[in-house]
Amino acid sequence: MKTEQLSLARQLDLVFKELDQELSGLNSGVIFVQIRNNVIGKFGIRHNPITGKDGRMEMEVEGLNHAQRTSFRAMALETLKFKRNWTHGEISYDFTVRQGMIMIDATMESNYNMANLMIRYPRTNTYLDSGMGSGS
């Protein structure tokens, strides 16, 4: 089965299954998925593996537990309901654990290509059509 035959939700579910083990070792970061023609291409996690506190550098020791990873995946799938009319872009999920609860902020970025618009719309002189052109 080809990726483009899967719904975006199913693709996102596969992303979270692929990242599950890595998430079990992280308690904060950003998951990103890049989308082109409603197909996820590149995806991954941005995170700081070492954090500084009181002048000392420490590595993360605890990551997301199973319940937090399951909750994260469900929330990420819910965000797809807010995606409207765009087929190219990126979704980022900024996550952190605070007092044992996972907190997530989702950011959606839509991308458009001007070359595609030039094909779709006929070429007209917009300024002359609107009466704003120079009257020489």
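- For N65, there are no side-chain hydrogen bond (donor to acceptor under 3.5 Å, both in side chains) partners, not counting sequence neighbours.
- In this structure, CZ in F16 is found 4.0 Å from CD1 in I31, a value given to the nearest 0.5 Å.
- Atoms OG and CZ, from S92 and R46 in turn, are 5.5 Å apart once rounded to the nearest 0.5 Å.
- When every heavy atom of S71 is checked against every heavy atom of I102, the shortest pair comes out as OG-CG2, 4.2 Å.
- The line from CD of Q68 to CD1 of I104 is 9.5 Å long, rounded to the nearest 0.5 Å.
- Among residue pairs with one or both ends in residues 16-34, those qualifying as salt bridge (charged side-chain N to carboxylate O under 4.0 Å, His left out) are D13-K17, D20-R69; sequence neighbours excluded.
- Checked by atom type and distance alone, the side chain of T70 pairs as donor or acceptor with a backbone atom of H66 at under 3.5 Å.
- M101 and V97 are members of different hydrophobic clusters when ILVMFWY side chains are connected at heavy-atom separations under 4.5 Å.
- Contact detail for T79 and M108: the closest heavy-atom pair is O-CE, 2.9 Å.
- The side-chain hydrogen bond (donor to acceptor under 3.5 Å, both in side chains) test applied to R36 returns no partner, not counting sequence neighbours.
- The shortest side-chain heavy-atom distance between L6 and L14 falls under the 4.5 Å cut-off.
- L8 and F32 are assigned to two separate hydrophobic clusters, defined by single-linkage of ILVMFWY side chains at heavy-atom distances under 4.5 Å.
- Checking N37, N38, I35 one by one against H88, the side chain to side chain contact (heavy atoms under 4.5 Å, CB included) holds for a single residue, N37.
- To the nearest 0.5 angstrom, M75 atom CE is 11.5 Å from F95 atom CZ.
- Distance check, rounded to the nearest 0.5 Å: CG of L26 to CD1 of I45 gives 5.5 Å.
- A donor-acceptor pair is defined here as one N or O able to donate and one able to accept, closer than 3.5 Å; no such pair exists between the side chain of E90 and the backbone of T107.
- Nearest heavy atoms, S110 versus W86: CB-CG, 3.5 Å.
- The line from CG of L77 to CZ of F72 is 10.5 Å long, rounded to the nearest 0.5 Å.
- Using a 4.5 Å cut-off between side-chain heavy atoms of Ile, Leu, Val, Met, Phe, Trp and Tyr, with links allowed through other members, V30 and L12 fall into different hydrophobic clusters.
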